[in-house]
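A short worksheet on the structure shown next.
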Amino acid sequence: MFSGIEIAKVLGMIVCLSGTPKSLKEGFIRECGVEVYTPFKKYFPDEEQYLRFDFKLVPEKVAVVQSMYPEQDRKVVELYLALEALSGLGVEVSEVVILYAAYARQDKRFLIGEPISVKALYQGLKLFGLNKVITLDVHTPLPFIDIGFHLVNIIPHSYMLSRAKLKIDLVLAPDKGAMYRAEKVAKDMDVTYDYLDKYRDRVTGDVKIDAKVLDVVGKNVVIVDDIISTGRTLAKAVEALYRAGANKVYAAVTHALVSSETITILSRSGIEKLLIANTIEQRIELPEWIQVIDVSKTLCEALK
Ligand code: R5P
């Protein structure tokens with residue numbers, strides 16, 4: 001069937017789909033020392049996506065990387081199209097790496113009649129018979145369904161904080177449910193950890209944060225979270241901590257889905273510094289108090 005194509009045993013190729021930020025692709029080439037390939041992509045007149053792998057040498061196996069923001073729906077479909085095309089070429093997919101997983105925040109039926117959207121995402125991936133999926137700080141790391149593949153979730157905050165060389169006394173989660181992340185980061189850094197009390201109105205989306213009885217007076221505190229979107233969670237947490245007497249409040253957040261409004265809200269909170277990972281191609285210019293940390297090294301270690 002592929003008589004015109006030489007079938008080569010090319011190992012160690014990373015297929016980067018269109019959501020992969022440029023800096024991460026460069027990082028993969030530099031840190032993993034492997035070939036990075038992006039398939040040809042275009043849109044039909046009705047805006048459906050078309051893609052094609054026009055390998056000169058068809059690899060035996062590849063890792064496939066996608067980040068599902070912006071245009072979440074398109075990025076999910078692009079991943080499904082790529083996996084189907086690779087299967088048609090007989091290429092083994094050793095890992096799928098999801099930098100930012102869309103639809104992962106809705107992990108419960110908060111209101112009757114809602115979908116568990118992360119379940120729909122995982123069930124879709126399951127259809128491709130994958131062995132291993134690596135997520136970068138996915139909102140719901142512990143699947144509650146039989147997903148049929150091995151899921152490895154990377155928490156990059158300790159690496160991000162070490163790269164930024166910040167002096168931290170206390171690591172905080174913005175809510176109790178995210179304590180596992182704060183605990184891991186605090187243990188890596190050999191400092192203490194705790195959580196803030198967060199209440200979100202499920203209808204209006206309004207957030208309230210309480211620093212409760214935390215002893216933060218004079219301390220340098222870092223809030224660790226997976227996502228910034230509107231910035232309301234982080235801004236309220238920062239304000240509550242300064243009210244409670246914190247010295248410097250930093251944040252390390254993996255995925256920054258930020259707009260200029262988000263930056264304004266965060267800037268008003270008085271945050272000292274915000275570290276974000278390069279899981280998403282930023283579309284606006286970021287102020288100097290936001291530092292983007294390249295996490296390609298962490299991902300290459302997981303791929304090896
Ligand atoms: C929520 O559970 C997440 O971990 C983030 O805290 C949340 O998505 C942040 O959203 P926003 O920036 O809109 O407050």
Side-chain angles (χ1 to χ4, degrees), residues 67-70 72 98-111 114-119 121 135-144 153-158 160 171-186 193-212 214 221-242 249-271 273-277 279-280 282-284 286-287 289-290 292:
S67 188
M68 299 170 175
Y69 183 89
Q72 292 90 319
I98 304 180
L99 302 171
Y100 171 73
Y103 295 101
R105 276 181 283 184
Q106 179 87 18
D107 54 6
K108 289 190 191 78
R109 294 186 214 280
F110 296 103
L111 301 175
E114 290 179 345
I116 303 173
S117 52
V118 68
K119 188 171 169 183
L121 179 77
T135 51
L136 197 69
D137 199 11
V138 67
H139 187 73
T140 307
L142 298 171
F144 34 79
N153 187 46
I154 297 171
I155 307 281
H157 303 73
S158 321
M160 292 163 70
V171 179
L172 285 177
D175 59 70
K176 198 173 180 181
M179 272 274 276
Y180 71 93
R181 187 181 293 109
E183 180 180 1
K184 184 194 178 303
V185 177
Y193 64 96
D194 212 320
Y195 66 94
L196 292 153
D197 282 323
K198 171 175 162 183
Y199 314 93
R200 187 187 284 274
D201 185 315
R202 288 286 157 202
V203 178
T204 64
D206 279 351
V207 169
K208 284 190 183 140
I209 298 263
D210 187 358
K212 54 178 176 99
L214 289 177
V221 180
V222 64
I223 301 161
V224 291
D225 206 355
D226 56 340
I227 300 169
I228 306 173
S229 176
T230 64
R232 286 185 292 191
T233 302
L234 186 54
K236 294 208 170 157
V238 172
E239 287 158 10
L241 288 163
Y242 279 129
V249 183
Y250 304 103
V253 182
T254 312
H255 312 290
L257 284 55
V258 296
S259 63
S260 44
E261 289 76 34
T262 313
I263 305 289
T264 306
I265 289 172
L266 289 175
S267 171
R268 285 190 192 133
S269 74
I271 189 167
K273 195 175 194 76
L274 167 63
L275 309 178
I276 60 173
T279 58
I280 285 165
Q282 296 301 323
R283 292 172 296 172
I284 55 168
L286 300 175
W289 50 269
I290 300 185
V292 183

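We count ligands from 1, going down the list as the structure has it; atoms in each ligand are counted the same way. We count residues from 1, following the sequence as given.
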Nearest heavy-atom contact between Leu121 and Ala102 is CD2-O, 3.5 Å
Closest heavy-atom pair and its distance - Pro287, Ile263:
CG-CG2, 3.7 Å
Residues that Ala240 engages under side-chain contact (heavy atoms from CB on, under 4.5 Å), provided they are two or more places apart
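For Ala240, the residues satisfying side-chain contact (heavy atoms from CB on, under 4.5 Å) (neighbours in sequence not counted) are Ile209, Ala211, Arg243.
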side-chain contact (heavy atoms from CB on, under 4.5 Å) between Val224 and Lys184, worked out:
CA-CA 10 Å; Val224 291; Lys184 184 194 178 303; over 6 Å; no
Which ligand 1 atoms, with their elements, are less than 4.0 angstrom from a heavy-atom of [X]?
| X | answer |
| --- | --- |
| Arg105 | 8 (O) |
| Lys198 | 1 (C), 2 (O), 6 (O) |
| His139 | 1 (C), 2 (O), 3 (C), 4 (O) |
| Thr233 | 6 (O), 9 (C), 10 (O), 11 (P), 14 (O) |

Logged contact type for Asp226 with ligand 1, heavy-atom cut-off 4.0 Å, is side chain
Applying a 4.0 Å heavy-atom criterion (strictly less than), which segment of His255 is in contact with ligand 1: side chain, backbone, both, or neither?
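Neither part.
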Closest heavy-atom approach to atom 13 (O) of ligand 1 among Ile228, Thr230, Asp206 is made by Thr230
Apply the test side-chain contact (heavy atoms from CB on, under 4.5 Å) to residues Tyr180 and Ile155: give CA-CA distance (whole Å), side-chain angles for both, the deciding distance (0.1 Å), then the verdict.
CA-CA 10 Å; Tyr180 71 93; Ile155 307 281; 4.0 Å; yes
What protein heavy atom sits nearest atom 9 (C) of ligand 1, and how far away is it?
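Atom 9 (C) of ligand 1 sits closest to the protein heavy atom Ile227 O, 3.4 Å.
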What I want to know is whether Asp225 and ligand 1 share at least one N or O pair that is separated by under 3.5 angstrom.
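Indeed, backbone or side chain, Asp225 has an N or O that close.
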For ligand 1 and Gly231, I'd like to know whether there is a polar contact (N/O to N/O, distance under 3.5 Å).
yes
Salt-bridge test for Asp226 and Arg105: reply yes if a basic N is under 4.0 Å from a carboxylate O, no otherwise.
no
Please lay out, stage by stage, how Leu172 and Leu241 fare under the test side-chain contact (heavy atoms from CB on, under 4.5 Å).
CA-CA 10 Å; Leu172 285 177; Leu241 288 163; 3.5 Å; yes
